[in-house]
Peer 1: 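Starting off with a structure, shown below.
Quick note on labels: first sequence line is chain A, next is B, and so on, each numbered from 1.
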Amino acid sequence: MKQQLEDLFTQAIDQLKADSIIPPEHEVRLMFERTRQKEHGDFATNVAMTLTKAIGKNPRDIAQLIVAAIPSNALITETNIAGPGFINVFLAQDARYEVLNTIFVEKDAYGLAPENSKRKIMVEFVSANPTGPLHVGHGRGAAYGDALARVLSAAGNTVEREYYVNDAGRQMDILACSVWLRYLQANELSLTFPSNAYQGDYIVEMGADLKIQHGNEYCIDESKIDKISEHLAASIQGADEETTKSAYEKSIDQLITLAKTELGEGGFTIFFRRAIDSILADIKDDLSGFGVDYDTWFSEKSLFDNGKIMAAIEQLKQSDHLYEKAGAWWFRSTAFGDEKDRVVVRDNGQPTYFASDIAYHKDKVDRGFDECINIWGSDHHGYIPRVKASMQALGLDENKLNVLLVQFAVLYRSGEKIKMSTRSGKFVTLRELREEVGVDAARFFYAQRKSEQHMDFDLDLAKSQSNDNPVYYVQYAHARICSIFRQASERSIVVENLSAADFSLLNGEHESKLLSLLQRFPELVETAAKNYEPHQLNYYLRDLATAFHSYYNSTKFLDSDQPQREAMLALCSAVKQVLVNGLTIIGVSAPEKM
RNA sequence: GUCCCGGUAGCUCAGCUGGAUAGAGCAGCCGCCUCCUAAGCGGCAGGUCGGAGGUUCGAAUCCUCUCCGGGACGCCA
């Protein structure tokens, strides 16, 4: 619809260029918007006003010229020039009903661009460290990432979802070590569980499980652990905060070293695998229950095992992007505009997390995506320059990487902010939220805000199943339409051939409003995808539901005469279809009854 | 100190990339079920778009400065 209008106006402008009224080389930006008031017609354009400088006439005169140059057509019934120089366009009635035919033909595909007709895009999201269950903070990334993937796919792109599993590095060692210590406690060794190890109950359970499986096979002389604790106690005696913190970190590193030497590679792996396997299985199950399914679970460890990290480091060394300082290898990221250079290999020979990231992003680009979208917590924004710098250094197109930041939701319970920490094990889990609030409400709630917007998540409100939650409002519109059709069949009213109804009977105010909203849907999907803003769907769906509820309250569908009734039911059916299509994109169900 | 995000109705937030009289939901007030779902509808009230400059036919939207709030700046991941 908009496209057809644009074509007509483009022809008019080309004509004016041919007549040298508009300088032929001048690039004209043609934009239509839907009018807010019906006195302004269906569409309006400001194109005449943008041309004042190029032509040197006043905008109303230019508008005259453009209107006069529009080729004859069946679409536009009237134009007028209003205000400072808007051109208001009134469309033919028939053109307004066309959308119903389109919906009846395209059904589930209405509003969607042809599948796989555009670019190949990867969306990497959540990617939480597998050190514990997902919490509600991850929920936002999950809901946003998945909705974004769906909307990009709806807009015709080929989309793959990927979860980057950080199954390598120090955090994983700490995790494995935590499980081991809990296992020792299960074997009734008395030891102080470090405050900076993972505290969660799930770690205690794993320790207990492993005791059942392996008895005391992996127990050691507890004095060795005591020695570490004593050393720690001594070094924090009267120390300042900084020193204390670092002493704790050193202490846990000593525990890791102890565990690795005492248990050997094989023994340590038992604790490591037990921890990561069960946590990862839990995360997968959790996300799947949230309606989020991944194409790829990408292991960081695999980048070590297949040598890709070393290869990337080697390439950077060869090209002189790395230098050695104080025993560590540094990446010269300042050469690409980063604030400072970054360590890639620590003085102990261990590659940093950043080293994995360099190899990971190279791998992504090598897999042939046109665009790689990373959804990161906003606390990671400082990493963007260095990752992009590394891509440049490796000769990759850094514009293929698009990092979108998600602000963490701030949780409130009884009006109080909730503090959360993964290591301390104090958090509201995503699973808990799902079970208490329901997937639909949670996803709708999360997807309601722009990603980078700060968000207050009121748990009481979300959990209370109250009517305040807008998801019910939209779903209710769908359920109501289903109910109308159920009633129709109970009354033996035929609803078979609605697409053949006389749509010209749909000329009431509510009906015009609905038709115009339905027509807007494809454009909305397109702009939501273009701007990475799935939340636009939420607002659209609310508008559509509002328009329908008003219509519903003002109309008796089934008691009307047949031609009128069929036209109205056709409209209801179309609204229902678009509600379903829109809800699907944000990952929310459309119940037939509520 | 540097960087990111935000400031729009009492509260939570939209605002279609610069357009015509700034919009929803909740909270408040007044109405609507003998009738297809009242998880609904209609109405009233509520605003110096944080502030000051600038860009132009036109600014909540773009630029600069400034105030307030949140967050990030490790040989952590």
Peer 1: Classify the nucleic acid contact of A:Lys530 as base, sugar-phosphate or nothing, counting any heavy atom under 4.0 Å across all strands shown.
Peer 2: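 No contact at all - A:Lys530 keeps every heavy atom at 4.0 Å or more from the nucleic acid.
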Peer 1: Name the orientation class of the two ring planes belonging to A:Phe336 and A:His321 (parallel below 30°, tilted from 30 to 60°, perpendicular beyond 60°).
Peer 2: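 Aromatic pair A:Phe336/A:His321 classed tilted.
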Peer 1: When rounded to the nearest Å, what value does the distance between C1' atoms of B:A24 and B:C41 take?
Peer 2: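 16 Å, rounded to whole Å.
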Peer 1: Which nucleotide in the set B:C41, B:G19, B:A38 lies at the smallest distance from any side-chain heavy atom of A:Ser550?
Peer 2: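 Per side-chain heavy atoms of A:Ser550, the pick is B:C41.
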Peer 1: Nearest whole Å is fine: how far is B:G18 P from A:Glu33 CD?
Peer 2: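 Those two atoms, CD and P, are 12 Å apart.
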Peer 1: Apply ring pair (Phe, Tyr, Trp, His ring centres under 6.0 Å) to A:Phe548 and list each qualifying residue two or more places apart in sequence or on a separate chain.
Peer 2: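 By the ring pair (Phe, Tyr, Trp, His ring centres under 6.0 Å) rule, A:Phe548 matches no residue at all.
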Peer 1: Taking the same atom, C1', in B:A14 and in B:C26, what whole-Å distance lies between them?
Peer 2: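 After rounding to an integer number of Å, I get 14 Å for this pair.
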Peer 1: Taking only the side-chain heavy atoms of A:Ala44 (C-beta and beyond), determine which of B:C4, B:A20, B:A39 contains the nearest atom.
Peer 2: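 So the side chain of A:Ala44 is nearest to B:A20.
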Peer 1: What is the distance from CZ of A:Phe548 to P of B:G40, rounded to the nearest Å?
Peer 2: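 Going from A:Phe548 (CZ) to B:G40 (P), I get 14 Å.
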Peer 1: I need the CD1-P distance between A:Ile256 and B:C76, as an integer number of Å.
Peer 2: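 To the nearest whole Å, that distance equals 12 Å.
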Peer 1: Between B:C11 and B:G51, how far apart are the P atoms? Round to whole Å, please.
Peer 2: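 Between the two P atoms, the distance is 15 Å.
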Peer 1: Should the ring pair A:Phe557 and A:Tyr551 be called parallel, tilted or perpendicular, given that the plane angle runs from 0 to 90° and is split at 30 and 60?
Peer 2: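 Correct class here is perpendicular.
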Peer 1: Has A:Tyr539 got its ring stacked on B:A24, by the test of a centre gap below 5.5 Å and a plane angle below 30°?
Peer 2: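 It does not: the ring fails the test against the base of B:A24.
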Peer 1: If you check the A:Asn531 side chain, which of B:C75, B:U17, B:C36 turns out closest?
Peer 2: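 Shortest atom-to-atom distance from the side chain points to B:U17.
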Peer 1: When the distance from CG of A:Asn46 to P of B:G19 is rounded to whole Å, what number comes out?
Peer 2: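 In whole Å, B:G19 P and A:Asn46 CG are 8 Å from each other.
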Peer 1: How long is the line joining NZ of A:Lys556 and C1' of B:U34, in whole Å?
Peer 2: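 Rounded to whole Å, this separation is 12 Å.
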Peer 1: Reckon A:His380 has a side-chain N or O less than 4.0 Å from the OP1 or OP2 of B:C3?
Peer 2: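 A:His380 to B:C3 OP1/OP2: no side-chain N or O under 4.0 Å.
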Peer 1: For the side chain of A:Gln407, starting at C-beta, report the closest nucleotide among B:G25, B:A20, B:G70.
Peer 2: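 Nearest to the side-chain atoms of A:Gln407, counting from C-beta on, is B:G70.
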Peer 1: Measuring only the C1' atom in each nucleotide, how far is B:G23 from B:C63? A whole number of Å is fine.
Peer 2: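 One C1' to the other, the span is 27 Å.
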Peer 1: Let's see if you can work this out: which of B:C5, B:C75, B:G15 has an atom nearest to the side-chain heavy atoms of A:Lys450?
Peer 2: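 For A:Lys450, the side-chain atoms sit closest to B:G15.
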Peer 1: Should the pair A:Arg386-A:Glu339 be classified as a salt bridge under the 4.0 Å nitrogen-to-oxygen rule?
Peer 2: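 Judged by the 4.0 Å cut-off on N to carboxylate O distance, A:Arg386 and A:Glu339 do not form a salt bridge.
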